[in-house]
Amino acid sequence: MSALIELEGVVKQFPGDTEPVLAGISLEVGRGELVALIGPSGCGKSTVLNILAGLIRVTSGTLRINDRDARVSYVFQRPRLLPWRKVRRNVEFSLEQADVTGAARRRAAEAAIERVNLTGHEDKYPHQLSGGMQQRVALARGLAIEPSVLLLDEPFGALDALTRSYMQEELLGIVRGTGTTALLVTHDIDEALLLADRVLVMSSRPGRIKHELRVPFGTERSLDALLQDPEYGRIRSELRHLLRPEVVEELNG
Amino acid sequence: MVDELRTRVTARRGGASHRRRALRLSPRLLVRLLLFLTAIGVLFLAWVLGSHHYPDYILPGPQPVWDSFTSMLDRGVWARQVEATLGHMFTAYGITIGIGLPLGILIGRFWVVEDLSRALLIFLQTVPTIVLIVLALIFVGTTATGVIAVTVASCLPYFTLNVIQGTKSIDRDLIDMARSYRAGELTIMRSIIVPSVVPYFLAGGRITLGVAWQVTLFGEYLMGTPGIGFQVSAAIKLLDTPSVYAWGLSVVGLTIAFEYGVFRPVEAVLTRHMRRAE
Ligand SMILES: Nc1ncnc2c1ncn2[C@@H]1O[C@H](COP(=O)(O)OP(=O)(O)OP(=O)(O)O)[C@@H](O)[C@H]1O
Ligand SMILES: [Mg+2]
């Protein structure tokens with residue numbers, strides 16, 4: 001069985017730039033797999049997701065999503081909510097595009113709002129919510145359509161530590177429970193190791209996949225159990241050492 | 001100050017907690033209300049005192065102006081003329097919005113349309129109204145159509161430029177978000193572009209309404225088309241200055257009535273999602 005998402009030798013250079021942002025990215029994400037993409041700021045992680053979401057074209061290389069009926073949800077780095085819609089209607093936006101109507105739409109929106117723990121805030125406008133709450137609305141909008149492909153761009157970056165770990169567990173439950181295929185961009189090594197089946201490490205710009213790591217902790221994970229595991233500390237510092245020179249490089253331009 | 005009053009009034013729609021606040025007139029608000037009323041009182045006093053020093057055909061006092069107003073009201077002249085003027089103005093206003101809204105959005109979205117319409121907009125923005133009026137006289141004569149045409153021509157650039165600005169300032173990220181969920185152009189137009197343009201639509205609508213009043217009256221005055229403008233010109237010829245003042249104040253009253261009776265309530269509904277200064 002072929003992978004659900006395949007990128008092959010993808011190069012992306014924005015008009016007017018002298019050097020490409022992505023210099024030949026190849027990656028696969030299997031059905032039901034959760035892959036984390038980790039790398040220094042500005043290396044092109046969001047660009048990879050934008051390409052997968054069909055928002056920008058590749059300069060060269062190929063991109064395949066091997067399912068014509070794939071429902072793709074993209075949770076952006078910033079919430080991107082419609083300011084003139086209340087929470088409920090913002091969540092319903094994705095459902096409207098998926099032609100879910102009437103009572104089914106309302107129920108799906110309510111369920112998604114409950115998943116991100118925002119029940120009771122349905123009738124607020126985005127500006128009445130904190131940044132972290134707005135990001136959870138965006139997550140609910142993405143989850144409401146029960147996507148087969150979930151693109152996540154640092155979705156928990158704006159959350160406090162406790163909410164983050166709650167949302168991480170929730171996400172893990174959803175992805176495992178529904179067989180969703182997910183590509184998660186993150187800065188956070190712990191998050192990658194907690195959630196992902198595989199971790200892809202990107203180099204600084206021009207972005208390449210520099211290293212791939214299979215996470216050996218099985219599917220039933222919790223942060224507490226990981227912290228007990230000596231293997232966890234070893235992998236964690238391996239990733240840190242892989243990322244460190246890239247971050248230094250990026251900072252020095 | 002008046003703005004603040006409005007906020008209190010519209011806040012009343014917002015449920016019980018707002019209602020309680022709306023009823024409480026803060027001391028600061030009370031002071032400002034008093035200052036406002038004082039200013040009106042001073043102006044009125046100046047008018048009364050001034051009118052003693054000038055003959056009625058230059059500066060009539062409040063009494064003759066009031067008499068002129070009530071007489072026009074009794075004879076049905078006031079209602080008839082106001083109706084005619086409002087008819088001209090709102091027809092022109094409606095046409096302006098009907099053309100300007102889609103035009104502005106198209107110009108803001110597509111540079112081809114922008115380049116094609118630039119010359120016309122610059123022309124309409126710069127050509128003197130008086131020339132437009134003469135052109136209208138030549139082409140359509142002294143009819144209501146002429147007044148409406150001149151008003152539309154004068155208002156269109158103001159309104160359209162606001163809509164263009166609004167369309168250009170749309171958050172591209174929201175459009176990308178919609179695209180990522182496979183939203184079509186129509187959905188993007190309806191769910192993102194039009195709501196984004198609303199504040200600019202309102203700003204443009206307000207400026208345009210001011211322009212529409214001026215140009216409609218001016219047009220009626222010069223073209224001799226029935227309406228307030230024509231009444232003013234007739235009154236001047238008869239040296240009936242009290243009527244001129246009565247009409248002038250009538251327009252002030254109508255403008256205020258429209259602002260608070262229609263414009264602000266519509267604005268409050270259309271911008272209800274926005275953060276309000278507390
Ligand atoms: N639409 C665009 N036009 C031109 N340059 C772009 C565009 N989008 C991204 N870039 C550039 O591409 C590079 C990578 O951007 P990208 O947003 O993918 O980085 P990132 O890895 O997601 O960074 P971060 O972790 O800070 O979010 C940056 O240098 C950015 O300036
Ligand atoms: Mg990014």
Worksheet item: Between the side chains of B/S169 and B/Y200, does any donor sit under 3.5 Å from an acceptor?
Response: yes

Worksheet item: Between CZ of A/R115 and CE of A/M167, what distance do you get to the nearest 0.5 Å?
Response: 10.0 Å

Practice prompt. Pick one of side chain, backbone, both or neither for A/I145, based on which atoms fall under 4.5 Å of a heavy atom in chain B.
Written response: side chain

Worksheet, complete the sentence: Applying a strict 4.5 Å limit to non-hydrogen atoms, the region of A/F93 in contact with chain B is side chain

Worksheet item: Considering only heavy atoms, which portion of B/S180 lies under 4.5 Å from any heavy atom of chain A: side chain, backbone, both, or neither?
Response: both

Worksheet item: Side chain, backbone, both or neither: which part of B/I192 has a heavy atom under 4.5 Å from chain A?
Response: both

Worksheet item: Can any side-chain N or O of B/N162 pair as donor or acceptor with the backbone N or O of B/A203 at less than 3.5 Å?
Response: no

Worksheet, complete the sentence: In short, B/Y93 meets B/F263 closest at the heavy-atom pair OH-CE1, 3.7 Å

Discussion item. I want to check something: taking the side chain as every heavy atom from C-beta on, are A/Y166 and A/F156 in contact at a cut-off of under 4.5 Å?
Written reply: no

Response to the item:
Bottom line for A/R141: the part with an atom under 4.5 Å from chain B's heavy atoms is both

